[in-house]
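The figures that follow rest on heavy atoms only: side chains count, while hydrogens, waters and symmetry mates do not. Just so it is clear: chains get the letters A, B, ... in the order the sequence lines come, proteins before strands, and each one is counted from 1.
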Amino acid sequence: MSIEIRIENIADYVGQQVTIKGWMYAITRKGKLIFVRLRDGSGMTQGVAYRPEIGDELFEEIKRLGQESSVIMTGTVRENGRAPGLPKGYEVGIESVQVIQNVQNFPITPKEHGVEFLMDNRHLWLRSSQQWAILRVRATIKKAMIDFFDDNGYINIDTPIITPSAAEGTSNLFEVGYFDEQGYLAQTGQLYSEATIMAFGKVYCFGPTFRAEKSKTRRHLTEFWMMEPEMAYCDLDELMQIEENFVNYILKTVIEKRRPELELLGRDISILENAVGTYPRISYDEALAMLADIQEKTDDPARKKELDIEWGDDFGSPHETELTKQFDKPVFVYGYPSQVKAFYMEPWPDRPEVCKSVDLLAPEGYGEIIGGSERMSDPEALLAAIHKHELPEEAYKWYIDLRLFGSVPHSGFGIGLERAVTWICGIDHIRQTTAFPRTINRMYP
RNA sequence: UCCUCAGUAGCUCAAUGGCAGAGCAUGCGGCUGUUAACCGCAGGGUUGUUGGUUCGAGUCCGACCUGAGGAGCCA
């Protein structure tokens, strides 16, 4: 009697007859011998059919199968060092095959394809081993993010997706009709979390966020998931410690649970192992000095020009890239000029032109993955900041209230799930880190 | 919005201004250890659209469309 199994557990069934329900990923026909690579969602393994053993009728039926045919395969599991798969080293000696649907002309072949073609066929591309591996890593990172906060006394409080105004004032938001009013899709839940910490102490919100900016780069999506923890009675130093513990936990969890997927992606895991630990903390001023030094030593004139920056400017991509190349771990840069950051950040004591903000920059040129800050806690200063940024005061009445009724020092940060996945998987484009990416010129499929 | 590059068979790409090609995929045949197998045969084309230059345009010029990468903005 055969046992129905999932391929990820195949090692437990050597010598036993098993049944696997899946899809045919690839087939190699060699005369009287056929290799069928079958995937079932949990992994991939190889079925072997030898004509004299299984008979002409079954052999011919298998031989005619096209890529991505859905089949139920039964046979005996055996170890074989030559067998590819995930896990590799195991294969199934085919005894019977039930064809659910024989497919011909599956568009995505095991050869090279262009980006546009693959994105048009994203619904089918997801079956490819690399895309499968990336999304499994994503699921693990997402769960690790949630577990970290759930296990450390945080309460998950969801924030609204439809909001009445721009939370941070500047970015372009997607407009949504809200009966006879104008609503917007949320770009952050942070301001609402600042309200909920005053009720629950430590909270996080984790959901989709939306940016209508016309960014057209390998780092941008218009819809992405953001984990945003917020903590009462927490200052900038404590914030950085929490971020460090958090990133360490995610890295350790992924390295432990998704090693085969990372290997399949060709990720150098030693780089990730090395990124676990204590992260350097440098100030914006120190970062600026480092950049000046790097610029000094650069020979390429175009590169030299790209690195031009003056105090008060935000870092561009070239600056972040060069800066992170100086470290083999993520690096904190804190104390940015207030003028390049959002209105709600706490000013530095005795240095009002600087704010208590911190970005965590990932190594290998991946750049900013976390942005956070200590929030302004004084009502007068907050009101002044709202006026300075020309934001509508009445829309922020509730937000100012938080500083009038038991205001405390508090901090929080946001991490983009897809950017974290891009870095940890070591891939070159964010669009592969979500099943159906939304970018500036793509809503299909 | 700006800069750069690209668009030719289902897919990936060739083609000095002079006959529209290859590999993969598909179909048929061969092969007992494949890993993007290999060997043979076959079918497969409105060269993104449009206007122009030319005896002749996939190729040169203009406009437009679509996509990619980057800048800015951001996670």
Side-chain angles (χ1 to χ4, degrees), chain A residues 25-37 44-53 59 63-64 66-68 78 80-86 88-89 91 93 103-121 124-125 128-129 168 170-173 187-190 208-228 302 305-306 313-321 340-342 359-362 366-372 413-423 428-431 433 439-442:
Chain A
Y25 189 69
I27 186 165
T28 303
R29 306 169 183 88
K30 273 192 62 72
K32 296 188 184 67
L33 187 65
I34 296 176
F35 299 98
V36 170
R37 260 174 287 158
M44 197 201 312
T45 197
Q46 170 170 276
V48 184
Y50 183 43
R51 186 172 207 148
E53 284 174 7
F59 190 86
K63 191 177 167 182
R64 284 197 305 271
Q67 190 188 349
E68 288 302 319
R78 57 192 184 224
N80 189 320
R82 291 169 295 189
L86 203 125
K88 62 187 171 205
E91 64 183 24
V103 173
Q104 299 300 323
N105 292 311
F106 186 72
I108 300 175
T109 64
K111 294 288 179 181
E112 287 177 21
H113 296 286
V115 170
E116 189 180 2
F117 175 79
L118 288 170
M119 289 309 299
D120 282 343
N121 289 284
L124 305 176
W125 189 26
S128 301
S129 59
E168 299 179 8
T170 53
S171 302
N172 298 318
L173 303 186
Q187 60 170 340
T188 172
Q190 178 205 314
T209 50
F210 307 88
R211 305 276 165 94
E213 280 149 7
K214 297 194 172 177
S215 301
K216 197 177 162 187
T217 81
R218 65 183 70 189
R219 299 180 307 280
H220 289 88
L221 297 170
T222 55
E223 176 183 314
F224 62 98
W225 281 65
M226 189 155 62
M227 164 60 89
E228 295 179 282
K305 179 121 177 60
E306 270 188 334
D313 294 341
D314 201 358
F315 299 131
S317 294
H319 307 109
E320 279 188 3
T321 302
V340 300
K341 291 292 180 184
D359 287 351
L360 184 68
L361 309 181
Y366 281 96
E368 182 180 348
I369 52 168
I370 293 182
F413 69 89
I415 178 167
L417 174 61
E418 289 81 3
R419 282 202 182 164
V421 176
T422 306
W423 166 49
D428 65 353
H429 205 298
I430 198 168
R431 64 178 160 233
T433 63
T439 57
I440 180 167
N441 41 28
R442 179 174 292 279

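- Distance check: A:Q67 CD to A:I27 CD1 gives 10.5 Å after rounding to the nearest 0.5 Å.
- Pairing for B:C55 goes to B:G18, judged as Watson-Crick or G-U wobble with the two contacts each under 3.5 Å.
- Remark: the separation of the C1' atoms in B:C74 and B:U4 is 23 Å, to the nearest Å.
- The interatomic distance linking A:E418 (CD) with B:C74 (P) rounds to 19 Å, in whole Å.
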What nitrogen or oxygen pairs link the protein and nucleotides 40-49 of chain B at under 3.5 Å?
none

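- Searching all strands for a Watson-Crick or G-U wobble partner of B:G40 with both distances below 3.5 Å returns B:C28.
- Across the P atoms, B:C60 and B:A14 are found 14 Å apart, a figure rounded to whole Å.
- Between the P atoms of B:U66 and B:C24, the separation comes to 35 Å (whole Å).
- Within the nucleic acid shown, A:D359 has no heavy atom closer than 4.0 Å to any nucleic acid atom.
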Summarise how protein sits on nucleotides 20-28 of chain B as a single string, 5' to 3': B when a protein heavy atom is under 4.0 Å from the base, S for sugar-phosphate-only contact, - for no contact. ----SSSS-

Nucleotides 65-71 of chain B: protein proximity per nucleotide (B base, S sugar-phosphate only, - neither; heavy atom, under 4.0 Å): -SSBSBS

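- When the salt bridge (charged side-chain N to carboxylate O under 4.0 Å, His left out) test is applied to A:R442, the partners found at least two apart in sequence or on another chain are A:D120.
- Between A:F106 and A:L124, the shortest heavy-atom contact is CZ-CB, 3.7 Å.
- A distance of about 15 Å separates the C1' atoms of B:G51 and B:C65, rounded to the whole Å.
- Scanning both residues, A:R431 and A:M119, for their nearest heavy atoms gives CD-SD, 3.7 Å.
- If you find the closest nucleotide of RNA chain B to A:I370 and to A:E112, the one lying nearer the 5' end belongs to A:E112.
- Taking only distance into account, the side chain of A:R419 meets the base of B:C74 through a donor-acceptor pair shorter than 3.5 Å.
- Rounded to whole Å, the distance from CG on A:L173 to P on B:A75 is 13 Å.
- For the P atoms, the distance from B:U59 to B:C28 is 39 Å, rounded to whole Å.
- For the pair A:D359 and A:K341, the salt-bridge criterion is met [side-chain N within less than 4.0 Å of a carboxylate O].
- A straight line from NZ of A:K63 to P of B:U34 spans 19 Å, rounded to a whole angstrom.
- Listed nucleotides B:G33, B:U35, B:U12 differ in distance to A:F35; the shortest reach to its side chain belongs to B:G33.
- Across A:L221 and A:T439, no two heavy atoms sit closer than the pair CD2-CG2, 3.8 Å.
- The base of B:C11 lies outside donor-acceptor range of the side chain of A:H113, with no N or O pair under 3.5 Å.
- Look at B:U46: it lacks any Watson-Crick or wobble partner with both distances under 3.5 angstrom.
- The gap from the C1' atom of B:A15 to that of B:G23 amounts to 15 Å, rounded to the nearest Å.
- Across all strands shown, A:G114 has heavy atoms under 4.0 Å from sugar-phosphate atoms exclusively, and none from any base.
- Here the side chain of A:Q46 pairs no donor or acceptor atom with the backbone of A:V36 at under 3.5 angstrom.
- Contact annotation for A:I369: backbone-only contact, meaning every heavy-atom pair under 4.0 Å involves sugar-phosphate atoms and none involves a base.
- Between the side chains of A:R419 and A:T433, no donor N or O sits under 3.5 Å from an acceptor N or O.
- The separation between A:H220 atom NE2 and B:U1 atom P is 17 Å, rounded to whole Å.
- A donor-acceptor pair under 3.5 Å is absent between the side-chain atoms of A:E223 and the main chain of A:P208, judged by distance alone.
- Rounded to whole Å, the separation between the P atoms of B:G62 and B:U12 comes to 27 Å.
- In this structure, the side chains of A:F224 and A:T209 come closer than 4.5 Å at one or more pairs of heavy atoms.
- In this structure, B:U1 forms a base pair with B:A71, meeting either the Watson-Crick or the G-U wobble geometry with both donor-acceptor distances under 3.5 Å.
- A donor-acceptor contact shorter than 3.5 Å is absent between the side chain of A:S215 and the backbone of A:T217.
- Pair assignment for B:G7: B:C65, on the basis of Watson-Crick or G-U wobble contacts that are both within less than 3.5 Å.
- A straight line from CG of A:L361 to P of B:A75 spans 12 Å, rounded to a whole angstrom.
- Not counting sequence neighbours, A:R29 has no partner by the salt bridge (charged side-chain N to carboxylate O under 4.0 Å, His left out) test.
- Across all strands, A:E91 comes closer than 4.0 Å to base atoms (heavy-atom distances).
- Under a cut-off of 6.0 angstrom, the local environment of CD in A:E112 is sparse, with at most 12 non-hydrogen atoms contributed by other residues, nucleotides or ligands.
- In this structure the side chain of A:Q187 reaches within 4.5 angstrom of the side chain of A:L173, judged on heavy atoms.
- At the heavy-atom level, A:A420 lies nowhere under 4.0 Å from the strands shown.
- A:H220 is linked by a ring-ring contact (aromatic ring centres under 6.0 Å, His included) to nothing, counting only residues two or more places apart in sequence or in another chain.
- Taking atom NZ on A:K32 and atom P on B:G33, their separation rounds to 11 Å, with Å as the unit.
- Comparing B:A57 with B:C5, their P atoms are spaced 26 Å from each other, to the whole Å.
- By the criterion of a centre-to-centre distance under 5.5 Å and near-parallel planes under 30°, the ring of A:F224 forms a stack with the base of B:A75.
- As rounded to whole Å, 12 Å separates atom P of B:U12 from atom CH2 of A:W125.
- For B:U34, the base has a donor-acceptor partner in the side chain of A:Q46 [N/O atoms by modelled type, under 3.5 angstrom].
- Between the P atom of B:C74 and the CE atom of A:M226 lies a distance of 13 Å, rounded to the nearest Å.
- Between A:G416 and A:N80, the residue anchored closer to the 5' end of RNA chain B is A:N80, taking for each the nucleotide with the nearest heavy atom.
- Neither OP1 nor OP2 of B:C31 sits under 4.0 Å from any side-chain N or O of A:K30.
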